[in-house]
There are 2 protein chains.
Amino acid sequence: MVILKPGQALSLWHKAMLAQVHDDAPDLTTRQMAILLTIYLDPPPHTVRGLAAHLNVTKPVITRALDTMGILGFVRRRRDERDRRNVLIQRTVQGSEYLENLGILISQEAGKVT
Amino acid sequence: MVILKPGQALSLWHKAMLAQVHDDAPDLTTRQMAILLTIYLDPPPHTVRGLAAHLNVTKPVITRALDTMGILGFVRRRRDERDRRNVLIQRTVQGSEYLENLGILISQEAGKVT
DNA sequence: CTTTCTTATTACGGAGCCGTAATTATTTTC
DNA sequence: GAAAATAATTACGGCTCCGTAATAAGAAAG
């Protein structure tokens with residue numbers, strides 16, 4: 001359990017957002033970030049339908065986010081051979097690195113919060 | 001000082017993003033959020049030029065963000081009477097409430113991070 | 001007081017995301 | 001095996017954001 005008072009939380013959020021803005025890395029939309037983190041932190045398999053239900057958004061939102069993040073190299077699609085209607089979304093090395101850096105960045109900023 | 005390991009940071013970020021997506025509240029872009037937090041957490045006065053320099057973005061970005069967040073009622077513009085070229089950006093009750101809720105939300109999610 | 005500088009805004013063409021509805025491909029049901 | 005159901009994508013019109021360049025208003029310098 002992490003103890004973080006509301007004021008500290010805002011301060012951390014502020015620093016993290018500023019770092020994101022200054023950073024060269026592409027900054028994803030809130031939805032894209034939520035999707036990416038779900039793919040990487042929740043256990044697979046991940047499908048378009050499952051992600052849409054989990055985030056409570058429509059499926060085209062997921063499809064488009066996967067298009068964008070696929071171009072960035074953060075995720076990869078693969079057909080489910082057992083039911084070829086499904087698309088299984090998979091992690092990539094680049095996506096892992098991106099999120100790893102993000103985690104380190106937030107962690108560092110947390111250390112600066114008084 | 002807040003201790004938050006990279007893995008915990010990602011988990012917190014995930015939960016906060018998910019909560020934001022589920023929430024009815026309008027979700028701002030990364031830049032808008034960074035601007036809003038700077039206005040509320042850094043000491044005034046805040047000007048378009050100052051914010052642009054602080055975030056390292058062009059001035060139209062600030063102007064547009066202020067337009068959008070002004071419509072949402074989160075910030076207010078006021079002419080600087082001492083130098084009428086300047087616009088002073090001010091906080092509002094609604095903006096305070098929005099950020100207060102955000103702080104509480106993140107704080108609560110932090111408590112759930114193992 | 002006219003020129004120059006500074007601050008902020010608007011204009012404009014381009015790009016991305018949104019939600020709804022239509023489309024394609026595959027599986028299940030009868 | 002034809003019809004219905006399911007999964008994902010594409011199409012479309014609308015809205016917002018972007019960066020650059022032009023504009024408007026005010027202050028400072030000469």
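Residue numbering restarts at 1 for every chain, and letters A, B, ... go by the order of the sequence lines.
For B/Asn86 and C/dA8, the shortest distance from a side-chain N or O to OP1 or OP2 is below 4.0 Å. Look at A/Gln32 and you won't find any side-chain N or O under 4.0 angstrom from OP1 or OP2 of C/dG16. Checking the phosphate oxygens (OP1, OP2) of C/dC18, no side-chain nitrogen or oxygen of A/Thr58 falls inside 4.0 Å. One finds a side-chain N or O of B/Arg77 lying less than 4.0 angstrom from the OP1 or OP2 phosphate oxygen of C/dT9. For D/dT9, the OP1/OP2 oxygens have no side-chain nitrogen or oxygen of A/Arg85 closer than 4.0 Å.
The nucleotide whose nearest atom lies closest to any side-chain atom of A/Pro60 is, among C/dC17, D/dT9, D/dA8, D/dT9. Here the side chain of A/Thr47 is nearest to one of D/dA27, D/dA8, D/dT10, namely D/dA8. Among the nucleotides C/dG19, D/dC18, D/dT10, the one closest to any side-chain atom of A/Arg31 is C/dG19.
Remark: C1' of C/dT9 and CG of B/Leu51 are 15 Å apart, rounded to the nearest angstrom. At whole-Å resolution of the value, NE2 in A/His46 and P in D/dA8 are 13 Å apart. For B/Leu72 and D/dC17, the CG to P distance is 9 Å, given to the nearest whole Å. Rounding to whole angstrom units, CZ of residue B/Arg84 and P of C/dA8 are separated by 13 Å. Remark: C1' of C/dA25 and CZ of A/Arg49 are 16 Å apart, rounded to the nearest angstrom.
By the neighbour-count criterion of 12 heavy atoms within 6.0 Å, atom CZ of B/Arg49 is sparsely surrounded, having that number or fewer from other residues, nucleotides or ligands. Applying the 6.0 Å contact sphere to CZ of A/Arg78 captures no more than 12 heavy atoms from other residues, nucleotides or ligands.
Remark: B/Leu88 CG to B/His46 NE2 distance equals 10.0 Å, nearest 0.5 Å.
Among the heavy atoms of the strands, none lies under 4.0 Å from A/Arg79. B/Arg64 comes within contact range of at least one nucleobase, with a heavy-atom separation under 4.0 Å. Residue contacts for A/Glu81: at a heavy-atom cut-off of 4.0 Å it reaches no nucleic acid atom on any strand shown.
Toward the 5' end of DNA chain C, the nearer of the two residues B/Thr63 and A/Val61, judged by each one's closest nucleotide, is B/Thr63.
A salt bridge links A/Asp83 to A/Arg85: at least one charged side-chain nitrogen sits closer than 4.0 Å to a carboxylate oxygen.
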